[in-house]
Amino acid sequence: MKPTILIVDDEPGVRSALSGVLRDEGYSVEAVSSGEDCLDRMTRGTVDLIVLDVWLPGMDGLATLARLRERQVDAQVVLISGHGNIESAVRAIKLGAFDFVEKPLSLEKTVLVVRNALRQRRLEAENRALRARVDRTQTMVGESYAMRQLREQVAMAAPTNGRVLIYGENGTGKELVARTIHALSRRRHAAFVEVNCAAIPEELIESELFGHVRGSFTGAVSDRRGKFEMADGGTIFLDEIGDMSLKTQAKVLRVLQEQTLEAVGGTTRITVDARVVAATNKDLQAEIRAGHFREDLYFRLNVIPIFVPPLRERAEDIPLLADHFMAEFAREYGKRVKTFDPGALAIIQQYPWPGNVRELRNVIERLMIMVPGDSTSSADLSFLDHTPLVRFHVEEALAAHLSLHDARDRFERDLILRTLTEQQGNMSRTAEVLGVERSNLYRKMRTFGLTPSRRPETEEEEGEVRT
Ligand SMILES: Nc1ncnc2c1ncn2[C@@H]1O[C@H](COP(=O)(O)OP(=O)(O)OP(=O)(O)O)[C@@H](O)[C@H]1O
Ligand SMILES: [Mg+2]
């Protein structure tokens, strides 16, 4: 995308000359004639850089700059100062301007300063994104019973050398579990090497896993180390293991049995010590019955099975995860975190999240980019498909052999959430519609692991309930 530049100068000649030369440089350029117009323009979307004249009728350039900073406008600013007016230029820099150019304007010099200013802005953004990625502590967020159990299992499995097989639907956090196991193991200083068995073409997977010798097949122009060898002393993560072909399964099995491997086209076997952690979203037992997966490999891999539950079964973790991702994206985009109003909170807790944590994370990133204010409402989430929201059916209860008690709980939970959404998260109205005491509603929601709301008024309400 073209960088956008806003020129603020009261002289029409300066505006048109600068606009022309900056447009020729490939920027998208707008121009206004006063500080007031500049502030007004900034309420209607972001620009990358503002070229701001110090001498303006009405609000001058420095006052405008101060206002922009108060409003957290993060555009880069270049000042145009009168000749010899070093004092105001210094003040401008203190207010966070990138640089200044003196009048009479040299267009060449201005273009250079603009280019540098935009480059610095881009570098800062990249830097922030990188730092956010590095900082992103790979912690497993969640306080639900299921999550606490999962963390416990991970902590127990990690220090052993035992092979781990991680099960879970798409996006539940299987890779995060694998990385956490590695990070908590004695192998943490060696490599964690990931192999996506579903993404690598069948004819390349052996070379990918075991390496190849130059000339062993067309395209093998040099020797190459395989992933098993790279993971020597560390952990190899075989992701989507259910998608590995039977032929490759046989080779992997041999590596696991003998702890040695042979590169494609190689003549010697080398010894490797890589801990295998595998993951799948398939039912491997069914794959075995269907003849798609080797039972002997399954037994080798499945020493420590770990099951990562779908997000809809740990709804109380949803607000925690949402806050976690919100903070992460705020850092990455250099913006403030947005809160969820009660209606929005009800929706995200009630939505079934077929894509699990990954889908939630994507939705939060989308909100960070698309929602202008500091708070997110149910309207901002209208893109989520609400049709599967009420998921309770007699058939479902029958199929799952639910007890009357569990079936009733599920129905009550869905009905409360649905009503809450309809009432935009208002607890009093929800209680009224459902014909229960508000205190009763709070108690029910807590037993279902639902978070009523974090709005101050409702906290007061909750206070009333307690007394
Ligand atoms: N409990 C959690 N706490 C914090 N972040 C999480 C948690 N679970 C998953 N994530 C994040 O959600 C995203 C998806 O997780 P991950 O890639 O581990 O899932 P997966 O099960 O491997 O998904 P897929 O099936 O799509 O490969 C990642 O960004 C991950 O960091
Ligand atoms: Mg994965």
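Just follow the structure's listing: the first ligand is 1, and inside any ligand the first atom is 1. Basis for what follows: all heavy atoms, side chains included, without hydrogens, waters or symmetry-related copies.
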**OP:** Answer yes or no for G171: is there a heavy-atom contact with ligand 1 below 4.0 Å?
**Re:**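 Yes; G171 lies near enough to ligand 1 that a heavy-atom distance drops under 4.0 Å.
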Subject >> Residue-ligand contact T172/ligand 1, heavy atom below 4.0 Å >> reply: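 Heavy atoms of T172 do come under 4.0 Å of ligand 1.
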**OP:** Specify whether F329 and Y333 have parallel, tilted or perpendicular ring planes, treating 30° as the upper limit for parallel and 60° as the lower limit for perpendicular.
**Re:** tilted
Any N or O of [X] that comes nearer than 3.5 Å to an N or O of ligand 1?
| X | value |
| --- | --- |
| R358 | yes |
| K174 | yes |
| V141 | yes |

Subject >> Option whose closest heavy atom lies nearest to atom 6 (C) of ligand 1, chosen from N356, D239, L176 >> reply: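 Selected option, by shortest heavy-atom distance: L176.
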Subject >> Option set V357, L321, T139, criterion heavy-atom distance to atom 10 (N) of ligand 1, minimum >> reply: V357
Subject >> Contact summary for M140 and R151, nearest pair of heavy atoms >> reply: O-NH1, 2.7 Å
Original post:
At their closest point, which heavy atom of N356 faces which heavy atom of G171, and how far apart are they?
Top reply: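 That closest heavy-atom pairing would be CB-O, 3.4 Å.
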Subject >> Exceeds 12 heavy-atom contacts within 6.0 angstrom, atom CZ of R225 >> reply: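 For R225, atom CZ is crowded (more than 12 foreign heavy atoms under 6.0 Å).
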Subject >> By side-chain hydrogen bond (donor to acceptor under 3.5 Å, both in side chains) - contacts of Q259 (at least two apart) >> reply: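 side-chain hydrogen bond (donor to acceptor under 3.5 Å, both in side chains) list for Q259, sorted by chain: empty.
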Original post:
With a 4.0 Å heavy-atom cut-off (strictly under), which part of E175 contacts ligand 1: side chain, backbone, both or neither?
Top reply: both
Can you sort out which atoms of ligand 1 are near [X], meaning under 4.0 Å from one of its heavy atoms?
| X | answer |
| --- | --- |
| N170 | 25 (O) |
| M140 | 1 (N), 3 (N) |
| M147 | 1 (N) |

Original post:
Does NZ or CZ of R294 fall inside the cone over F299's six-membered ring, less than 6.0 Å from its centre and within 45° of the axis?
Top reply: no
Original post:
Quick one: does R148's side chain have a donor or acceptor within less than 3.5 Å of a partner on E143's backbone?
Top reply: yes
Subject >> Ion pair D48/R121, N-O distance below 4.0 Å >> reply: yes
